[in-house]
Amino acid sequence: LLNLSLLLTNHPQLDKWVAPPTRYTLNAKRFDAWISPNLNFTSLQPNTKHIQVVHDLSFIINPSWYSKKSQLWHKAIRVNKIFNRANHIVCVSDATKHDVISNFPQHKEKVCTIYPGTPQKQWISATDLKNTKEKFNLPPHFFLFFDGGGRKNTQFVLDAFKHFKQTNNLPHQLVVVGGGNAMSFWSRATDDRIPPLHIPTVSEKEKTALLKLSNCLLYPSIYEGFGFPPLEAMSESTPVIASWSSSLPEVIGEAGLLVSPYKPHELSHAMNLVTQPKIRQKLTQEGTKQTQKFTWHQTAKDFLKLITEN
């Protein structure tokens, strides 16, 4: 109902609603700034500074990644109207900044990049690792992939893994997390002779354990606004293979192997490389350094600068 009211009447003004007038003031309390962490219906008083955060424009880049319902919702929020009202448009990567400027060039002067920080490392005990191994019957050596829909490039990963198994005798298996039920997943598998292990869902603790236990995280997305999982993997000393698409080169830098998200044999070759001890050791060391470049302290400083400037 709130979203419908904002859509049809542009009311209530959210800042006035959150901090209404009191018996001591005639007007609502003034905010230093209103920060919208996602694109959504927003109505504010004219004198309230609005900082709009944009994670990605995937719904514009490729609407087919979304259901008809989601496509309709993205049209309803009227992104250009949000940008018109915003004083600052904060993008989480230069890639997203480029997308915003390309699609909304009239707002170029408002757009900036503020990187988020590396997710806080979750402590995992030896018992947690043992329990995760046993619960999912994990193989001794495996590549890890999180399936999250079309842009995560699932079929590409399955094809690359097939090529990897056909071109060497290494024991590594593929563990796929997410992607719906087993039936929908197996309908996409390309070779029953080399089946990956499919895990429909995991808890946050199990996710961290899987990252720590895996030999490498595969993240060859077609499109990302930022990309937290590679940073999470590198913070657990796990090498990363990702695509050179969108924001991922910014996030990974020289600390991972970057491949084309359209050529399975490139990913297969990178998977082979990361099994070599010297390359794995180098990627692990560089990954730890890379995670230190993204801190929430710096994120907060950058936002505070936007809030306090005239």
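Bear in mind that the values here come from a model prediction, so they are computed numbers and not experimental data.
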A.B. asks: Are side-chain heavy atoms of Q106 and N80 found at a separation under 4.5 Å?
C.D. replies: yes

A.B. asks: So, K282 versus Q285: side-chain donor-acceptor pair below 3.5 Å or not?
C.D. replies: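 There is no such pair (donor and acceptor under 3.5 Å, judged by atom type) between the side chains of K282 and Q285.
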
A.B. asks: Membership question, hydrophobic clusters at under 4.5 Å side-chain separation (ILVMFWY): are F41 and I60 in the same one?
C.D. replies: yes

A.B. asks: Would you say the side chain of N215 lies within less than 4.5 Å of the side chain of T275, judging by non-hydrogen atoms?
C.D. replies: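 The answer is no, as the side chains (C-beta and beyond) never meet within the 4.5 Å cut-off.
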
A.B. asks: Going through the distances and angles, do W244 and S260 end up as a side-chain contact (heavy atoms from CB on, under 4.5 Å)?
C.D. replies: CA-CA 6 Å; W244 43 245; S260 166; 3.6 Å; yes

A.B. asks: Got a donor-acceptor contact below 3.5 angstrom from the N168 side chain to the F164 backbone?
C.D. replies: yes

A.B. asks: Are any of the side-chain heavy atoms of I199 and F146 separated by less than 4.5 Å?
C.D. replies: no

A.B. asks: State, with a plain yes or no, whether a side-chain heavy atom of L248 is found less than 4.5 Å away from one of S221.
C.D. replies: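 Yes. Closest side-chain heavy atoms under 4.5 Å.
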
A.B. asks: Looking at N84, is its backbone amide N or carbonyl O close enough to the side chain of K110 to form a donor-acceptor pair, meaning the two atoms are under 3.5 Å apart?
C.D. replies: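 Yes, K110 side chain to N84 backbone: donor-acceptor pair under 3.5 Å.
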
A.B. asks: Is any side-chain heavy atom of L197 less than 4.5 Å from a side-chain heavy atom of L138?
C.D. replies: yes

A.B. asks: Check whether the ring centres of F161 and F145 lie less than 6.0 Å apart, and answer yes or no.
C.D. replies: no

A.B. asks: Under 4.0 Å between a side-chain nitrogen and a carboxylate oxygen: does that hold for K212 and D128?
C.D. replies: no

A.B. asks: In plain terms, say whether K152 and E224 are close enough for a salt bridge, that is, a side-chain N and a carboxylate O under 4.0 Å apart.
C.D. replies: yes

A.B. asks: Closer than 3.5 angstrom, by distance alone: can the side chain of Q290 be matched with the main-chain N or O of M234 as a donor-acceptor pair?
C.D. replies: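 Not confirmed, Q290 side chain does not pair with M234 backbone.
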
A.B. asks: More than 12 foreign heavy atoms under 6.0 Å from NZ of K133: is that the case here?
C.D. replies: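 No - once you tally the heavy atoms of other residues, nucleotides and ligands closer than 6.0 Å, there are 12 at most.
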
A.B. asks: Closest heavy-atom contact between Q122 and E236?
C.D. replies: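 In terms of heavy atoms, the two residues are closest at O-OE2, 4.0 Å.
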
A.B. asks: L170, I241: one ILVMFWY side-chain cluster at the under-4.5 Å cut-off?
C.D. replies: yes

A.B. asks: Quick one, V202 and F136 - any side-chain contact, counting heavy atoms below 4.5 Å?
C.D. replies: yes

A.B. asks: Can you find a pair of side-chain heavy atoms, one from Y219 and one from V251, that are under 4.5 Å apart?
C.D. replies: no

A.B. asks: Has S268 got a side-chain atom pairing as donor or acceptor with P264's backbone, closer than 3.5 angstrom?
C.D. replies: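 No; zero donor-acceptor contacts below 3.5 Å.
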
A.B. asks: Answer with yes or no whether the side chains of T96 and H55 bring together a donor and an acceptor at under 3.5 Å.
C.D. replies: no

A.B. asks: Could you go step by step and tell me if N87 and I51 meet the side-chain contact (heavy atoms from CB on, under 4.5 Å) rule?
C.D. replies: CA-CA 6 Å; N87 299 91; I51 300 175; 5.8 Å; no

A.B. asks: I'd like to know if the side chain of D15 and the backbone of Q45 have a donor-acceptor N/O pair within less than 3.5 Å.
C.D. replies: yes

A.B. asks: May I have the step-by-step check of side-chain contact (heavy atoms from CB on, under 4.5 Å) for Y262 and N153, ending in yes or no?
C.D. replies: CA-CA 9 Å; Y262 306 105; N153 225 358; 5.7 Å; no

A.B. asks: Can you confirm whether I35 sits close enough to I307 that some side-chain heavy atom of one is under 4.5 Å from a side-chain heavy atom of the other?
C.D. replies: yes

A.B. asks: For the residue pair H141 and H172, does the interplanar ring angle fall in the parallel (under 30°), tilted (30 to 60°) or perpendicular (over 60°) class?
C.D. replies: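 Correct class here is tilted.
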
A.B. asks: Going through the checks in order, is the side-chain contact (heavy atoms from CB on, under 4.5 Å) test met by F104 and I89?
C.D. replies: CA-CA 11 Å; F104 302 93; I89 301 169; over 6 Å; no

A.B. asks: Are F226 and F294 close enough that their ring centres sit under 6.0 Å apart?
C.D. replies: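 Yes, the ring centres sit under 6.0 Å apart.
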
A.B. asks: Donor-acceptor pair, E232 side chain versus L211 backbone, under 3.5 Å?
C.D. replies: no

A.B. asks: I'd like to know whether K130 forms a salt bridge (Lys or Arg N to Asp or Glu O under 4.0 Å) with E134, so could you lay out the CA-CA distance, the side-chain angles of the two residues, the decisive distance to 0.1 Å, and finally the verdict.
C.D. replies: CA-CA 6 Å; K130 181 175 180 293; E134 292 177 352; 2.7 Å; yes

